[in-house]
Amino acid sequence: MPLQFYDTRKRRKIPFKPLTAGRVKMYTCGPTVYKDATIGNFRTYMFEDLLRRTLQFLGYEVTQVMNITDVDDKTIREAHSLEVPLSDITEPVIKRFFRDIDSLKIEHAEYYPRATDYIPEMIELIKRLLDNGNAYIMDTNVYYSIASFPEYGRLSGMKLDKLERGVRINADEYEKEDFRDFALWKGWTEEDGDIWWESPWGRGRPGWHIECSALSMKFLGEEFDLHTGGVDNIFPHHENEIAQSVAATGKSFARHWMHSAHLMVEGEKMSKSLGNDYTLKSLREKVEGKGYYFSIAAFRLALLSTHYRKPLDFSVEDFLVENRLALVRLWLLRNAAELAILDGGIRPEIEIAIENAQTHFKSALEDDLNISASLASLFILVTEVNRLKSVRGLTKSEGKRLLEQWREFDKVLGVLFWDEEDEEDEELQSKIEVKVRERLRARLERRFDDADRIRDELKGNGYQLDDGKDETVVIWSGGRKIVKNKINNS
RNA sequence: GGCGGCGUAGCCAAGUGGCUAAGGCGGAGGUCUGCAAAACCUCUAUUCAUCGGUUCGAGUCCGAUCGCCGCCUCCA
């Protein structure tokens, strides 16, 4: 099957062909760093991670840009109210942003340009728009004139004359020629304090939309392959980006637009007033507050396993019981493969099962990132391997072959290999190990009541024990740990 | 009001014209086991929000209805 993605503009799946064969240039709208990213933001970043990893898996060389908006109304408001420099607000948030995406194993983009580092590029772009007659100066502000761009509204399906004057328009913006025009450059006002840049139109700062146009052109060129973001960005943000970019360059800008649906919490939109605008940190606290282990791997799987165009209704309760168990099933295949001890070749049934899984995994991804079908192919492989394993254990070469394939799948999924080294809490780990050894000793001494009590206690906390001949494998949704049985003999 | 999306088993979730409707979680029974866990085997949607229509044939196309959701100027 040829690779195809849904395109927001065409409203259907279309074959994906990059401008340069084998290379994909993608632009992904990044965070505004005035407060920590929410799990809703991460849903979008996870979608982009899946897209990126899938393209790489299919052999494309990917160049991804994610902007960091480190100056806008909200960052300025924060800085102003706390009476601190802008960077005091943005720097810590940026630091935590990277910490969070790393813990989710979201691969890094090639470039993370910050808006404040590219003000000259934005000014340059605004100049071109003024020269082309697509923008006008009003007092100290520069506005984009929507009337000058006939194609406005094509991405979102908005009809210009149907746009109603929104309720959120500031009084000071009524001076625009047309209420639908948007700011390219905002002149300095008192609230901005010392946050301003010099421009041909006086001191001020760039509007939000111009940032993405300038940065994508800077790093990817005036035409590139993919532009992505959350659905809420379709209008007006991406519509405006197209208007600015196409008007300035005469080129088509992004060729393919992809947008991820929102994440809902317990059936409701995430919002501050409902108190469900979880960050990774507050979600962890919520889960741990209920007495559960917070599995970041299970959370990654939860975000990953719903198709990106379908709203994901995240429920803390469901999350606690569901994904971690599915994850363990996948992890156990790795156990089986690593612990294979038999001599001999690879059974044809295993080879066929692996090839089937590989084929279906790949073709599902090629069909607009059909992750559910991809994951299903893994579970089918697990079942088949387990069946054959119960007939006769796995050979070392089968184990090796399975591990190889598992690594291959994990290039896309990023959830199959989650080791104890990924678990931050060392204290927790040693506590588990002590318990496991206690139980091993009890078993050897045939004090089965004691052994069972310990096992039940661990299980109650989400740790599952797998008794092997030479070792006990502890598996939980945060990782796994192998304790050698012989340690216990000393 | 305008534009768009979604509604498949107890729960999550694939399937967009044609073999018996993937897969996961949960549940029931069995095998194995010191006992378990895991694993394996069997079972768990005559039916795809509802009602019409097109078709030899529809969850899948068309229309209507109901329900949920998003965007409509700076929220991923």
Side-chain angles (χ1 to χ4, degrees), chain A residues 8 11 13 28-32 37-48 69 72-74 153 156-159 161-170 173 179-183 207-209 228-237 239-240 259-264 267-272 277 301-302 305-307 309-313 315 317-319 321-330 332 335-336 360 364 370-380 382-383 385-391 443 446 448-449 451-452 455-456 458-459 464-468 472-473 475:
Chain A
T8 304
R11 306 207 181 283
K13 292 182 203 171
T28 47
C29 284
T32 299
T38 64
I39 59 175
N41 299 123
F42 290 125
R43 197 222 171 161
T44 297
Y45 304 144
M46 274 297 306
F47 145 62
E48 287 153 354
T69 302
D72 82 317
D73 293 353
K74 289 175 297 238
S156 57
M158 296 286 188
K159 301 212 170 41
D161 52 352
K162 295 280 199 230
L163 281 182
E164 286 181 28
R165 187 182 288 269
V167 292
R168 283 185 264 177
I169 303 223
N170 295 327
E173 291 184 1
F179 73 89
R180 297 164 305 203
D181 291 347
F182 57 91
W208 177 44
H209 311 295
T228 71
V231 284
D232 53 313
N233 275 160
I234 296 172
F235 189 90
H237 182 53
E239 197 72 72
N240 290 352
H259 294 92
S260 62
H262 276 161
L263 177 132
M264 319 260 294
E268 314 236 36
K269 189 188 176 179
M270 268 199 330
S271 74
K272 206 166 191 169
D277 57 335
L301 184 64
S305 56
T306 297
H307 185 80
R309 281 194 286 118
K310 185 170 180 166
L312 193 171
D313 189 1
S315 148
E317 294 299 330
D318 291 349
F319 163 67
V321 299
E322 274 183 25
N323 292 286
R324 34 177 220 168
L325 294 163
L327 199 54
V328 166
R329 183 170 169 80
L330 293 174
L332 284 169
N335 277 12
H360 290 127
N370 187 345
I371 188 67
S372 302
S374 300
L375 285 171
S377 71
L378 263 71
F379 283 106
I380 290 166
V382 168
T383 301
V385 168
N386 283 335
R387 192 181 67 78
L388 291 164
K389 187 182 133 212
S390 70
V391 173
R443 285 183 71 207
R446 304 193 68 80
F448 293 122
D449 285 353
D452 291 353
R455 185 183 57 210
D456 291 345
L458 284 168
K459 197 185 170 199
Q464 189 167 288
L465 301 186
D466 189 0
D467 293 334
T472 299
V473 178
I475 197 156

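- Looking at Thr383(A) and Arg329(A), their side chains do bring a donor and an acceptor atom within 3.5 Å of each other.
- No hydrogens or angles considered: a donor-acceptor pair under 3.5 Å links the side chains of Thr44(A) and Ser260(A).
- Out of rC71(B), rC40(B), rC74(B), the shortest distance to the side chain of Asp232(A) is found at rC71(B).
- Listed nucleotides rA14(B), rA76(B), rC41(B) differ in distance to Asn41(A); the shortest reach to its side chain belongs to rA76(B).
- In this structure, of rU73(B), rC41(B), rA76(B), it is rC41(B) that holds the atom nearest to the side chain of Arg387(A).
- Results of the side-chain contact (heavy atoms from CB on, under 4.5 Å) test with Thr306(A) over Leu312(A), Ile371(A), Asp313(A) single out Leu312(A) as the only residue that passes.
- Heavy atoms of His209(A) sit nowhere under 4.0 angstrom from any nucleic acid atom.
- Between the side chains of His259(A) and Asn233(A), no donor-acceptor pair is found at a separation under 3.5 Å.
- At the heavy-atom level, Leu375(A) lies nowhere under 4.0 Å from the strands shown.
- No hydrogens or angles were tested; on distance alone, a donor-acceptor pair under 3.5 Å links the side chain of Asp452(A) to the base of rG34(B).
- At a threshold of 4.0 angstrom between heavy atoms, the contacts of Lys269(A) include nucleobase atoms, whether or not backbone atoms are also involved.
- Residue contacts for Met270(A): at a heavy-atom cut-off of 4.0 Å it reaches a base atom on one of the strands shown.
- Residue Lys310(A) has a polar side-chain atom (N or O) positioned under 4.0 Å from OP1 or OP2 of rA14(B).
- Within 4.0 Å (heavy atoms only), Asn240(A) reaches no atom of the nucleic acid at all.
- Among the heavy atoms of the strands lying under 4.0 Å from His262(A) is at least one base atom, whether or not backbone atoms are also near.
- Side-chain contact check for Thr38(A) and Asn41(A): at least one donor-acceptor pair (N or O, by modelled atom type) lies under 3.5 Å.
- Heavy atoms of Ser156(A) sit under 4.0 angstrom from primed sugar atoms or phosphate atoms, though from no base atom.
- Using the Watson-Crick or G-U wobble rule with both distances under 3.5 Å, rG67(B) pairs with rC6(B).
- Not a single salt bridge (Lys or Arg N to Asp or Glu O under 4.0 Å) links Lys310(A) to another residue, sequence neighbours left out.
- Between the side chain of Thr44(A) and the base of rA76(B) there is at least one donor-acceptor pair of N/O atoms closer than 3.5 Å.
- For the pair Arg329(A) and rA39(B), the criterion of a side-chain N or O lying under 4.0 Å from OP1 or OP2 is met.
- When Watson-Crick and G-U wobble pairs are counted only if both distances are under 3.5 Å, rG1(B) pairs with rC72(B).
- The partner of rA39(B), taking Watson-Crick or G-U wobble pairs whose two distances both stay under 3.5 Å, is rU31(B).
- In this structure, Asn386(A) reaches the rC40(B) phosphate: one of its side-chain N or O atoms is under 4.0 Å from OP1 or OP2.
- Put simply, Phe379(A) does not rest on the base of rG23(B): the two rings are not both less than 5.5 Å apart at their centres and under 30° in tilt.
- Among the atoms of the strands shown, none is found under 4.0 Å from any heavy atom of Ile371(A).
- Comparing the P positions of rC19(B) and rC61(B) gives a spacing of 16 Å, expressed to the nearest Å.
- Residue-level contact check: Ile234(A) touches neither bases nor backbone, having no heavy atom under 4.0 Å from any strand.
- Not one side-chain nitrogen or oxygen of Asn233(A) sits closer than 4.0 Å to the OP1 or OP2 atom of rC71(B).
- The nucleotide rU54(B) finds no pairing partner, because no Watson-Crick or G-U wobble arrangement with both distances shorter than 3.5 Å includes it.
- Relative to the side chain of Thr383(A), the nucleotides rA14(B), rC74(B), rC40(B) differ in distance, and rC40(B) lies closest.
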